Amino acid sequence: MKINEFKPNIKLNNLIYSYYFIKNHAATHDNIPPLGHPVIQFHLRNNINVFYSNYDFPIEEVMIVGQLSKFAKINNAGELSMIGVNLKPTALFKLLHTNTKQFTDKGTPAAPFFGNDIYKLLGKLKSNTPDIEKVAILDQFFINLADDIPVLSDKFDVLIDTIIEKKANISTEEINKFCIVSERTLQRNFNNRIGLSLKTYLRVIRNLHFFKILNQGLYNKIQDIIFEAGYYDYSHFIKDFKLMTGTTPKQYFSNNEEFAKMFL
């Protein structure tokens, strides 16, 4: 699988992390942990077979994949060509001004929310234009979209940025400093703007941090990595890992001897 990643125009820094271009000429069978943010996917080929096999939703040419609360099982049996837009956690709420819970654990057709212009954009992305020019096309589409819709930031956005910065190692007291609201209102804000409960979102971010530490190769003992990732003990880590990946660490890293031996 070939993946090229591009950064968006600076004007979109509060909405988009990156664009990714995927081309694959072989069958893949992977469990992908939740990303912690929604994605807009442009499928440039129509021969995708059972793409998200553990989620019950069809694959559309242009679709919104909301926040996932568990792993996605990717089974691709054909030649894949896809462009994804990695949105920031609250970007859907800002752009669409709608409850993002409706997208959670789902793939939803994008046209009813972004209009038929999204299919015109798809047509341009299907052309033989170089990738860097397609990035400029994507930039212009989302810049125009943001210009038409007021994109506001508030203390909740600061809270989300802080949670990510602290790798989900944040106390209830710290959270209350950013959002001085009742627990019910706070949970409603997470469901509306993020699409996940506060507890689930923290679990996703902590799991992402675990993988980042692991890939950096700074520690030789799994206990040190778990502690650095914010887990209090091994049992809590295992419980979260199974939820996020669908399997045990030993099984997940079975094809990587260096990682797998840490869990023996």
Side-chain angles (χ1 to χ4, degrees), residues 17-18 20 30-39 52 54-55 65-74 86-93 100-101 103-105 155-179 183 186-254 256 258-260 262-263:
Y17 283 122
S18 64
Y20 61 92
D30 300 305
N31 284 9
I32 308 299
L35 299 175
H37 58 77
V39 178
Y52 290 89
N54 62 321
Y55 284 94
V65 179
Q67 292 271 11
L68 300 182
S69 62
K70 62 179 182 180
F71 70 98
K73 191 173 184 62
I74 309 297
N86 283 324
L87 298 172
K88 293 205 167 178
T90 60
L92 278 182
F93 177 81
T100 61
K101 186 69 175 177
F103 304 112
T104 300
D105 290 332
K155 290 183 178 180
F156 187 82
D157 294 288
V158 178
L159 170 60
I160 298 303
D161 289 342
T162 304
I163 287 174
I164 295 172
E165 181 182 345
K166 287 179 168 289
K167 292 86 176 178
N169 295 314
I170 185 170
S171 67
T172 302
E173 291 74 18
E174 289 177 286
I175 290 173
N176 290 337
K177 289 179 181 178
F178 290 98
C179 293
E183 182 177 349
L186 181 64
Q187 294 293 349
R188 185 167 61 246
N189 281 336
F190 267 88
N191 283 319
N192 288 347
R193 302 191 189 194
I194 300 294
L196 297 172
S197 69
L198 169 58
K199 182 179 180 180
T200 301
Y201 185 66
L202 291 175
R203 179 185 292 128
V204 168
I205 298 302
R206 189 175 294 115
N207 182 71
L208 288 170
H209 182 48
F210 164 79
F211 276 97
K212 184 176 181 180
I213 297 171
L214 195 66
N215 288 325
Q216 288 173 341
L218 299 178
Y219 299 91
N220 295 320
K221 295 181 178 180
I222 188 59
Q223 290 86 350
D224 294 337
I225 299 175
I226 291 172
F227 179 78
E228 180 64 23
Y231 291 99
Y232 295 108
D233 55 50
Y234 194 75
S235 62
H236 281 90
F237 162 72
I238 289 293
K239 180 181 178 181
D240 277 7
F241 192 92
K242 286 181 178 179
L243 284 171
M244 295 295 99
T245 66
T247 186
T248 65
K250 182 180 177 181
Q251 292 170 327
Y252 189 87
F253 296 111
S254 60
N256 189 311
E258 182 179 354
F259 287 158
M262 300 178 70
F263 297 93

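Both backbone and side-chain heavy atoms feed into the values below; hydrogens, waters and symmetry mates do not. Fair warning: this is a prediction, and the values are worked out from it, not measured in the lab.
The two atoms that bring Pro34 and Leu208 nearest to each other are O-CD2, 3.3 Å, heavy atoms only. Pro33 and Tyr252 get closest at one heavy-atom pair: CD-OH, 3.6 Å. The shortest non-hydrogen separation linking Leu68 to Val204 is O-CG2, 4.2 Å.
In this structure, Glu183 places its CD atom where only 12 or fewer heavy-atom neighbours from other residues, nucleotides or ligands lie under 6.0 Å away. Other residues, nucleotides and ligands contribute more than 12 heavy atoms inside 6.0 Å of the CZ atom of Phe211.
Side-chain atoms of Phe178 and Asp157, non-hydrogen and from C-beta on, never get closer than 4.5 Å to each other. In this structure, the side chains of Ile164 and Tyr201 come closer than 4.5 Å at one or more pairs of heavy atoms. No side-chain heavy atom of Pro38 sits under 4.5 Å from any side-chain heavy atom of Phe103. For the pair Thr248/Ile238, no side-chain contact is recorded, criterion being any heavy-atom separation below 4.5 Å from C-beta on. Side-chain atoms of His37 and Asn86, non-hydrogen and from C-beta on, do get closer than 4.5 Å to each other. Here the side chains of Gln187 and Ser197 are in contact, with some heavy-atom distance below 4.5 Å. Between Phe190 and Cys179 there is no side-chain heavy-atom pair separated by less than 4.5 Å.
For the atom pair CG of Leu92 and CZ of Arg193, the computed distance is 13.5 Å after rounding to the nearest 0.5 Å. Taking CD1 of Ile225 as the reference point, atom CD of Glu228 lies at 9.5 Å (rounded to 0.5 Å). The line from NZ of Lys212 to NZ of Lys167 is 6.0 Å long, rounded to the nearest 0.5 Å. Here the straight-line distance linking atom CG of Leu159 with atom CG of Leu198 works out to 7.5 Å at 0.5 Å rounding. How far CG of Asn169 is from CD1 of Ile163: 11.0 Å, rounded to the nearest 0.5 Å. In this structure, CG in Asn189 is found 11.5 Å from OG1 in Thr90, a value given to the nearest 0.5 Å.
Asp240 is linked by a salt bridge (Lys or Arg N to Asp or Glu O under 4.0 Å) to Arg203, counting only residues two or more places apart in sequence or in another chain. With sequence neighbours excluded, no residue forms a salt bridge (Lys or Arg N to Asp or Glu O under 4.0 Å) with Lys242.
Phe241 and Phe210 have perpendicular rings, their planes meeting at more than 60° on a 0 to 90° scale where under 30° would count as parallel.
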Check your understanding: Which is it for Asn207 and Leu243 under the side-chain contact (heavy atoms from CB on, under 4.5 Å) test, yes or no, and what are the steps along the way?
Key -> CA-CA 10 Å; Asn207 182 71; Leu243 284 171; over 6 Å; no
Practice item. Take Thr100 and Gln67 through the test side-chain contact (heavy atoms from CB on, under 4.5 Å) and record every step on the way to the result. Key: CA-CA 9 Å; Thr100 61; Gln67 292 271 11; over 6 Å; no
Practice item. Begin from the C-alpha positions of Leu196 and Thr104 and carry the test side-chain contact (heavy atoms from CB on, under 4.5 Å) through to its verdict. Key: CA-CA 7 Å; Leu196 297 172; Thr104 300; 3.9 Å; yes
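Outside the 6.0 Å centre-distance limit, the rings of Phe156 and Phe93 are not counted as a close aromatic pair.
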